A.B. asks: 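Structure below; questions to follow.
When reading the values below, keep in mind they use all heavy atoms of this one structure, side chains included, and skip hydrogens, waters and symmetry mates. Just so it is clear: chains get the letters A, B, ... in the order the sequence lines come, proteins before strands, and each one is counted from 1. Just so we're clear, the structure is a prediction, and the values are computed from it rather than from any experiment.
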Amino acid sequence: MNTVSSEDHVVKIFDELYSIYGSQNWWPGETQFETIVGAILTQNTSWHNVAKAIENLKSHKLLELNALVEAEPEFVKKLITPVGFFNVKYKRLKSVLDYLVSTELLKFSCEPVEELRDELLAINGIGPETADSILLYAFERPIFVVDAYTRRLFSRLGYGWMEKASYDEIQRFFMESLPLDTGLYNEYHALIVMHSKILCKKKPLCLDCVMTCLMRFEG
DNA sequence: AGCCAGGACTGAG
DNA sequence: CTCAGTCATGGC
């Protein structure tokens, strides 16, 4: 019988993942700006390809706000070619950069996170996951990032409703199940990604891994 | 040789 | 609102 609340279960799964993989030290990037650029470039794209694009930008001294906005569009597109969708992604990137240029960076540590989120979502090319990734990983605001891995893993851990649920519904579930904690949200999302893509490469998500988690939870 | 990657927008019904 | 089509490269 399962008398454990979903709150405890969600915490338990975190503890389990953390005990297996340890601290992930996300986001994989050195600067705030690099994190923002990476958040755009990684849309539906493997991080392996994004890392190459980031490296290209870095080696041309373009991984900096002013330098990148003023760079030649076609040249930037060439540098980010490995990520695919480079035309749309350049446009999205440019939209965000223009927004950052016209904005006081200070507001990101003052304004209510809901308002910042709405501003980011208003930018063409910024959807919920990208907005939340920027808020959480670049500006260290406490907001839970949901992605395809989150849906898939938790669907198989007893939360089948996530398969069809909206982004906001899933996010609400996690944030109501966990304390409001930037560090916790940071690690949790990173651990879900790590677990999903390193250990469970098989598709659908390796059932053995899921069973291992469940059994350890039961025990 | 396909299929998929740390999504989001658009247009059609 | 729901949903297929679109964007495009690289790894397996």
Side-chain angles (χ1 to χ4, degrees), chain A residues 13-14 17 21 23-30 32-57 73-99 117-140 143-157 161-171 174 184-206 209:
Chain A
I13 291 170
F14 172 81
L17 291 172
Y21 304 107
S23 179
Q24 299 300 303
N25 299 312
W26 264 34
W27 184 281
E30 297 162 7
Q32 188 177 54
F33 187 71
E34 185 174 340
T35 301
I36 295 170
V37 172
I40 306 283
L41 296 184
T42 197
Q43 291 174 350
N44 200 41
T45 301
S46 64
W47 184 257
H48 179 77
N49 289 356
V50 177
K52 249 186 291 185
I54 297 269
E55 199 48 47
N56 289 341
L57 293 171
E74 293 309 314
F75 183 56
V76 175
K77 288 181 187 177
K78 189 188 293 184
L79 295 180
I80 67 171
T81 293
V83 303
F85 311 148
F86 50 82
N87 285 306
V88 288
K89 280 182 181 172
Y90 173 77
K91 191 163 39 168
R92 293 175 180 182
L93 198 48
K94 188 67 165 50
S95 303
V96 177
L97 300 186
D98 290 341
Y99 167 74
R117 190 171 193 267
D118 288 341
E119 285 187 30
L120 290 174
L121 289 176
I123 300 171
N124 186 280
I126 304 297
E129 184 182 340
T130 307
D132 291 338
S133 295
I134 291 172
L135 289 171
L136 177 63
Y137 290 108
F139 297 102
E140 302 181 343
I143 189 150
F144 198 91
V145 175
V146 175
D147 68 346
Y149 289 148
T150 311
R151 267 203 173 74
R152 216 166 62 191
L153 176 60
F154 280 81
S155 291
R156 287 168 174 70
L157 287 175
W161 57 270
M162 286 193 192
E163 199 72 53
K164 299 288 183 184
S166 72
Y167 184 99
D168 291 343
E169 286 171 331
I170 298 174
Q171 180 181 59
F174 280 100
L184 174 61
Y185 297 167
N186 180 322
E187 287 292 347
Y188 210 149
H189 175 66
L191 285 166
I192 290 169
V193 174
M194 169 63 85
H195 177 71
S196 300
K197 78 177 185 185
I198 301 300
L199 183 61
C200 298
K201 283 186 176 173
K202 299 170 195 164
K203 306 165 178 105
L205 189 60
C206 173
C209 301

A.B. asks: With respect to the phosphate group of dA8(B), does any side-chain polar atom (N or O) of Thr130(A) fall under 4.0 Å of OP1 or OP2?
C.D. replies: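 So the side-chain polar atoms of Thr130(A) do come within 4.0 Å of the phosphate oxygens OP1 or OP2 of dA8(B), strictly under.
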A.B. asks: Of the nucleotides dC7(C), dA5(B), dA8(B), which has the atom closest to the Glu129(A) side chain?
C.D. replies: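 That would be dA8(B).
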A.B. asks: Mind calculating the distance between OH (Tyr167(A)) and P (dC1(C)) to the nearest angstrom?
C.D. replies: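 Going from Tyr167(A) (OH) to dC1(C) (P), I get 18 Å.
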A.B. asks: Compare every heavy atom of Ala190(A) with every heavy atom of Gln24(A), then report the nearest pair and how far apart it is.
C.D. replies: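 Looking at all heavy atoms of both residues, the closest pair is CB-CB, 3.6 Å.
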A.B. asks: Under 4.0 angstrom, heavy atoms only, what part of the nucleic acid is Ile126(A) near: base, sugar-phosphate, or nothing?
C.D. replies: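 If one applies the 4.0 Å heavy-atom cut-off, Ile126(A) turns out to touch the sugar-phosphate alone, with no base involved.
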A.B. asks: First locate atom CD of Gln43(A), then atom CG of Leu41(A), and finally report the distance between them rounded to the nearest 0.5 Å.
C.D. replies: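 Those atoms lie 8.5 Å apart.
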A.B. asks: Should the pair His189(A) and Tyr137(A) be assigned to parallel (<30°), tilted (30 to 60°) or perpendicular (>60°) ring geometry?
C.D. replies: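 If you compare the ring of His189(A) with that of Tyr137(A), the planes turn out tilted.
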A.B. asks: Using a heavy-atom cut-off of under 4.0 Å over every strand shown, decide if His189(A) touches base, sugar-phosphate, or nothing.
C.D. replies: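 Contact class for His189(A): none.
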A.B. asks: Once you round it to whole Å, what is the distance between P of dC7(C) and CG of Asn87(A)?
C.D. replies: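 Those two atoms, CG and P, are 10 Å apart.
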A.B. asks: Starting at atom CD1 of Ile40(A), determine the distance to atom C1' of dA8(C), rounded to an integer number of angstrom.
C.D. replies: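 Whole-Å distance recorded here is 17 Å.
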A.B. asks: With rounding to the closest Å, how many angstrom separate the P atoms on dA8(C) and dA1(B)?
C.D. replies: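 The answer is 26 Å between these two P atoms.
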A.B. asks: Compare the minimum distances between each of dA8(C), dA8(B), dG10(C) and the side chain of Lys52(A), then state the nucleotide with the smallest one.
C.D. replies: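 Of dA8(C), dA8(B), dG10(C), dG10(C) is nearest to the side chain of Lys52(A).
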A.B. asks: Please determine if a side-chain N or O atom of Arg152(A) lies less than 4.0 Å away from the OP1 or OP2 oxygen of dA5(B).
C.D. replies: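 For dA5(B), OP1 or OP2 has a side-chain N or O of Arg152(A) closer than 4.0 Å.
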A.B. asks: Using a heavy-atom cut-off of under 4.0 Å over every strand shown, decide if Gly84(A) touches base, sugar-phosphate, or nothing.
C.D. replies: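 Touches a base.
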A.B. asks: Please pick, from dT9(C), dC7(C), dA8(B), the nucleotide with the shortest atom-to-atom distance to any side-chain atom of Thr81(A).
C.D. replies: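 In terms of side-chain proximity for Thr81(A), the closest of dT9(C), dC7(C), dA8(B) is dT9(C).
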A.B. asks: Tell me the closest heavy-atom pair linking Arg151(A) and Glu163(A), and the distance in Å.
C.D. replies: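 Reported closest heavy-atom pair: NE-O, 3.9 Å.
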A.B. asks: Among dA5(B), dA8(B), dC7(C), find the nucleotide with the atom closest to the side chain of Ser46(A).
C.D. replies: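 The nucleotide sitting nearest to the side chain is dA5(B).
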A.B. asks: Would you mind reading off the distance between Lys77(A) atom NZ and dA8(C) atom P, rounded to a whole angstrom?
C.D. replies: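 Checked: the NZ to P distance equals 8 Å.
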A.B. asks: Could you state the OH-P distance from Tyr90(A) to dA8(C), rounded to the nearest angstrom?
C.D. replies: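 After rounding, the gap between these two atoms is 14 Å.
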A.B. asks: Look at the side-chain N and O atoms of Asn44(A) and state whether any lies under 4.0 Å from the OP1 or OP2 oxygen of dA8(C).
C.D. replies: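 False: Asn44(A) side-chain N/O out of range (4.0 Å or more) of dA8(C) OP1/OP2.
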A.B. asks: Rounding to a whole Å, what distance do you find between Gln43(A):CD and dT9(C):C1'?
C.D. replies: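 One finds 15 Å between C1' of dT9(C) and CD of Gln43(A), rounded.
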A.B. asks: Inspect the contact between Glu55(A) and Lys52(A) and indicate whether a charged nitrogen and a carboxylate oxygen are less than 4.0 angstrom apart.
C.D. replies: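 Looking at Lys52(A) and Glu55(A), the cut-off is not met.
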A.B. asks: Taking CG from Leu41(A) and P from dA8(C), how many angstroms apart are they, rounded to a whole number?
C.D. replies: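 Nearest whole value for this atom pair: 13 Å.
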A.B. asks: Expressed as a whole number of angstroms, how long is the span from Asn49(A):CG to dC4(B):P?
C.D. replies: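 After rounding, the gap between these two atoms is 17 Å.
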